[in-house]
Amino acid sequence: MEISPQLKVMPEKPYDHSHIELKWHERWQNASFYQADEHSDKPKYYVLEMLPYPSGTLHIGHIRNYSIGDALARYKWMRGFNVLHPMGWDAFGLPAENAAIANKRPPRDWTLQNIAAMKKTHRRFAFSYDWNREVSTCEPEYYRWNQWFFLKMLERGLAYRKRALLNWCSKCATVLANEQVVEGCCWRHEDTPVEQRALEQWFLKITDYADQLLDEIKGLEGGWPERVLTMQRNWIGRSEGAEIDFRLEGAETRIRVFTTRVDTIYGATCVILAPEHPLNETLLDDAGKARAKAMVDSRANRDPGDIEKEGFFSGHYAVNPYSGERVPIWVGNFVLMGYGTGAIMAVPAHDERDHEFCQKYGIHIRPVIRPVDGTLATDTSKPAFTDDGVLENSGPWSDLGSEEARAKMSAYAQEKGFGKAAITYRIKDWGISRQRYWGTPIPVIHCPSCGVVPVPEDQLPVVLPERIEITGSGRSPLENVPEFVNVKCPHCGEPAKRETDTMDTFMDSSWYFYRYCDPHNDRMPFDPAKVAYWFEIDQYIGGVEHAILHLIYSRFFTKVMRDIGLVKNSEPARRLFTQGMVIAEGAKMSKSKGNVVGADMLAEKFGADTARMFVLFAAPPEKEVDWRSEGAEGIYRFLGRVYRFATRNVGQTGDGSVTGSADRKVLRKLHQTVQKITEDFETRWHFNTCIAGIMELMNVLYAEEANLSASVKPEILEKLALLLAPFAPYVSQEIWEELGKEGPVFRQCWPSFDPELAKEEEAEIPVQVNGKLRSKIYAAFGTPKEELERRALADEKVRPFLAGKQLKKVIVIPDKLVNLVAG
RNA sequence: GGCGGGAUGGCGAAAUCGGCAGACGCAUUGGACUUAAAAUCCAAUGGACCGCAAGGUCCGUGUGGGUUCAAUUCCCACUCCCGCUACCA
């Protein structure tokens with residue numbers, strides 16, 4: 001019996017994710033579809049996800065990050081871009097060292113094993129990385145360039161050594177950068193208060209770039225999330241004001257204060273020093289010194305809002321250089337040594353904190369600023385007036401406006417030599433020395449006669465010795481490695497000692513994305529021409545937790561590299577996307593809670609396609625997502641629906657001729673879906689609604705399946721596979737093969753849509769009476785207003801609502817809506 | 001305290017330019033298939049009320065006000081939640 005091709009029915013296949021994913025995993029093992037090429041004539045696109053720390057396992061949070069990036073990378077490939085999509089490992093760092101102490105295993109072994117395990121998971125998820133460009137920061141081929149950058153900065157005076165009070169975490173047994181201190185505690189040990197220790201350390205002069213880092217934020221607006229930019233602005237914390245010297249009464253000593261309100265200085269009724277202020281050594285008696293020390297200690301690890309302002313009179317007086325007035329010098333716990341000059345002038349009438357302090361201790365409160373449209377305050381028990389205004393009781397400056405007074409008064413201070421206009425920043429130089437083993441050795445040598453001598457460039461890398469004892473004792477373990485420490489001075493040839501501290505690992509991640517452009521270069525960190533081709537990064541994707549640390553350091557590095565002449569760009573990434581966190585069943589994922597959702601488990605249970613698609617479907621990518629396995633089952637069911645539909649409808653041949661209303665309906669939905677997803681990729685990345693769109697398309701296909709002509713099926717299935725390719729590479733590839741097509745599906749052209757076919761045949765026009773929906777009319781697009789109005793008024797569902805009322809107004813928005821206003 | 005983001009069904013969410021609130025999915029319920037279950041397919045599903053039913057009415061996007069023919073969307077005030085930051089002079 002002959003079967004007409006129209007009726008040919010293929011047996012559907014069940015969706016077996018493990019079979020499909022294993023099959024393609026094996027076939028793709030040695031494939032090289034994802035190689036980027038600097039010589040391509042296609043437009044370039046550099047998409048980058050933040051590189052992970054090799055902790056050993058990928059979890060659902062990583063999967064989210066990479067699924068967003070991978071969807072974009074695949075889409076851009078399909079749109080004909082030459083895509084660079086690399087991956088690497090932020091492989092130095094403390095966990096490896098701690099694991100080494102716990103398990104008696106060298107950090108390198110532990111790290112490499114973790115990398116291997118995570119890379120396996122990466123491949124299982126089929127993320128489209130160019131693994132030929134893999135970078136691992138713990139390899140000498142990489143970190144020698146950290147050392148090289150350090151030497152370049154040393155040459156330019158951007159790296160320097162000084163003794164300073166530094167943040168010390170006793171659990172990490174190392175110094176921390178200011179950026180690594182979170183609410184007075186270590187960023188990795190949130191229960192461990194940071195101590196202050198005086199140590200000789202290496203610093204990078206990020207403050208030299210503070211203004212640039214601030215100013216160039218403007219150029220990132222629109223491309224970076226506003227809140228990241230705000231956080232960076234606040235972190236840099238630029239503040240314009242003046243530095244003014246108060247003379248210590250009866251001495252030549254000057255006490256320098258920083259103020260943003262020099263216009264209020266005639267209201268300064270005392271000077272307050274930070275408890276750590278160096279002058280306290282000479283000013284205070286032993287009892288005073290003890291009180292100051294107690295203040296410092298009691299301040300540690302406390303919420304500043306909870307600490308009551310305290311202070312005591314030092315017994316000394318200072319002289320206001322403008323008024324000549326003699327004011328008492330106090331020591332106050334709310335004055336910070338780390339900001340400004342560590343000393344303030346207190347103007348209680350015009351500053352809330354000063355007011356609180358002076359009120360408490362009965363220090364005179366003297367108003368000197370009146371509101372522009374008011375009079376000078378007389379009731380000094382009232383809260384401080386902190387706005388700008390007009391000066392009074394301020395000698396020759398009286399009656400000036402605050403702003404004008406500030407300019408003139410700081411100029412006067414400069415002229416008279418007791419001060420100047422000054423800008424302070426909250427951001428501090430970046431302390432990079434770490435007293436730990438598993439990091440990049442700092443390439444300098446300490447010579448008894450020549451001092452600090454840089455290791456000559458041709459002797460790089462300074463290789464980190466392997467197989468040594470890790471102590472975690474608070475001193476670098478390298479100190480106990482004589483063959484590392486004992487060297488000859490490169491200058492004089494006499495015995496000298498090598499620096500044993502290692503670099504903060506944020507150095508490693510500050511420039512890794514440049515290395516991807518030229519990962520095997522052994523003469524330079526990278527070929528500037530290659531970087532010029534790929535940079536700036538077109539899209540950087542990562543967690544918002546790096547908004548200040550990594551992202552400000554990398555901006556700094558880029559500017560230094562630009563000044564060295566290595567790169568032309570001044571910012572690393574044109575666009576930044578920060579994805580939301582993944583939480584598990586309502587709680588933040590953490591090892592201690594034991595609710596970490598591991599990527600391998602997901603791949604096992606649901607398949608990589610389902611796991612990827614679910615994290616994209618559950619919410620828009622910038623929002624937090626709650627992982628729930630019932631939700632993932634929904635995606636699994638959906639992929640099964642797609643796969644079964646495809647397998648039972650393949651093998652149809654047809655000329656694409658459209659014969660029935662079902663054909664038209666399905667094609668319309670298909671083209672609408674292509675249009676929607678295309679627009680979304682180009683603008684706002686709401687992959688959740690993209691996937692919902694494909695689901696809607698599937699629902700229409702199921703509803704109309706029996707009425708579809710064979711001739712339209714090939715186009716439908718082909719576009720369906722292509723639409724799924726950025727989200728679910730395995731299933732889409734399997735369908736592609738079922739269709740008898742060759743090659744990787746994600747190297748095909750992105751499907752096109754026909755706006756004409758996507759258009760609805762008729763407009764569905766709601767008819768409202770007084771703003772409430774009462775009926776709907778259907779009319780061809782472009783039906784004139786009068787016609788729509790006439791039909792709306794004649795509508796029998798509408799008429800009862802108009803009965804007995806006067807029609808006052810008719811609003812007609814063609815193709816959209818009719819609203820009849822009656823009363 | 002400061003800055004930023006948010007609040008929509010039982011749940012995750014959608015509504016892109018002021019124009020049908022709740023797309024899509026989860027969960028739930030009912031039906032089909034099955035000896036049965038699972039799987040699958042179909043359908044219903046914001047709330048209150050009216051109706052035997054078809055169907056209909058009213059309410060509804062954190063709270064209170066405003067602008068508008070029309071507000072989840074714009075404006076004002078407030079409440080709560082989340083994130084970051086914090087005696088920054």
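Being a predicted model, the structure only gives us computed values, none of them experimental. Proteins get letters first, then strands, A, B, ... in listed order; numbering begins at 1 in each.
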When rounded to the nearest Å, what value does the distance between C1' atoms of B:rA71 and B:rG65 take? 14 Å
Lys/Arg N to Asp/Glu carboxylate O, A:Arg668 vs A:Glu761, below 4.0 Å: yes
Nearest-neighbour nucleotide for the A:Asn234 side chain, B:rC69, B:rC3, B:rC87 considered: B:rC3
Phosphate-side-chain proximity, A:Arg637 and B:rA39, N/O vs OP1/OP2 below 4.0 Å: no
C1' atom, B:rA14 versus B:rA23: distance in rounded Å? 5 Å
Pair A:Phe617 + A:Phe638: ring centers closer than 6.0 Å: no
What is the pairing partner of B:rC17, taking Watson-Crick or G-U wobble pairs with both distances under 3.5 Å in any strand? none
Short N-O contact, A:Lys360 and A:Glu310, less than 4.0 angstrom: no
Contact under 4.0 Å: A:Arg644 side-chain N or O vs B:rC41 OP1/OP2: yes
Can you tell me how far P of B:rG83 sits from CD of A:Glu622, to the nearest Å? 18 Å
For B:rC58, the nucleotide meeting Watson-Crick or G-U wobble distances (both under 3.5 Å) is B:rG47
Atom NE2 of A:His355 and atom C1' of B:rG1 are separated, to the nearest Å, by 17 Å
Does A:Asn770 reach a base, just sugar-phosphate, or nothing at all? Heavy atoms under 4.0 Å. nothing
Determine whether a donor-acceptor pair (one donor, one acceptor, N or O, separation below 3.5 Å) exists between the side chain of A:Glu764 and the base of B:rC20. yes
B:rA86, OP1 or OP2 - any side-chain N/O from A:Arg353 closer than 4.0 Å? no
When the C1' atoms of B:rA48 and B:rU85 are considered, how many whole Å apart are they? 46 Å
Is any side-chain N or O of A:Asn688 closer than 4.0 Å to OP1 or OP2 of B:rA14? yes
Closest to the 5' end of RNA chain B, once A:Lys676 and A:Ile811 are matched to their nearest nucleotides, is A:Lys676
Between B:rU45 and B:rC82, how far is it from one C1' atom to the other, in whole Å? 31 Å
Closest to the side chain of A:Asn699, out of B:rA27, B:rA89, B:rC24, is B:rC24
Only pairs with both distances under 3.5 Å count, Watson-Crick or wobble alike; so what is the partner of B:rA53 in this structure? none
Please report the shortest heavy-atom distance between A:Phe258 and A:Glu240, naming the atom on each side. CZ-C, 4.4 Å
Can you check whether A:Trp330 and A:Phe312 have ring centres sitting under 6.0 Å from each other? no
Considering Watson-Crick and G-U wobble pairs with both distances under 3.5 Å, what does B:rU67 pair with? none
Assigned partner base of B:rC41, Watson-Crick or wobble definition, under 3.5 Å: B:rG31
Nearest nucleotide by nearest heavy atom, which residue falls closer to the 5' end of RNA chain B, A:Asn333 or A:Ile691? A:Ile691
Identity of whatever pairs with B:rG83 - Watson-Crick or G-U, under 3.5 angstrom: B:rC3
Is any side-chain nitrogen or oxygen of A:Arg684 closer than 4.0 Å to OP1 or OP2 of B:rA15? yes
Nucleotide paired to B:rC26 in any strand shown, Watson-Crick or G-U, under 3.5 Å: B:rG10
If we take the P atom in both B:rA27 and B:rC78, what is their distance in whole Å? 43 Å
Base B:rC69 paired with A:Lys808 side chain (donor-acceptor, <3.5 Å): no
Is the shortest side-chain N/O distance from A:Arg641 to OP1 or OP2 of B:rC41 below 4.0 Å? yes
Below 4.0 Å: OP1/OP2 of B:rA70 and any side-chain N or O of A:Lys772: no
Atom P, compared across B:rA43 and B:rU35: separation rounded to whole Å: 25 Å
Verify salt bridge (charged side-chain N to carboxylate O under 4.0 Å, His left out) between A:Arg790 and A:Glu787, making sure each step is shown before the conclusion. CA-CA 5 Å; A:Arg790 192 185 55 72; A:Glu787 165 81 4; 3.3 Å; yes
Is there a donor and acceptor pair closer than 3.5 Å between the side chain of A:Lys809 and the base of B:rC69? no
Distance, C1' atom - from B:rU61 to B:rC52, rounded to whole angstrom: 35 Å
Taking the same atom, P, in B:rU16 and in B:rC20, what whole-Å distance lies between them? 9 Å
Minimum heavy-atom separation for A:Pro278 and A:Met337, please, with both atom names. CD-CE, 3.8 Å
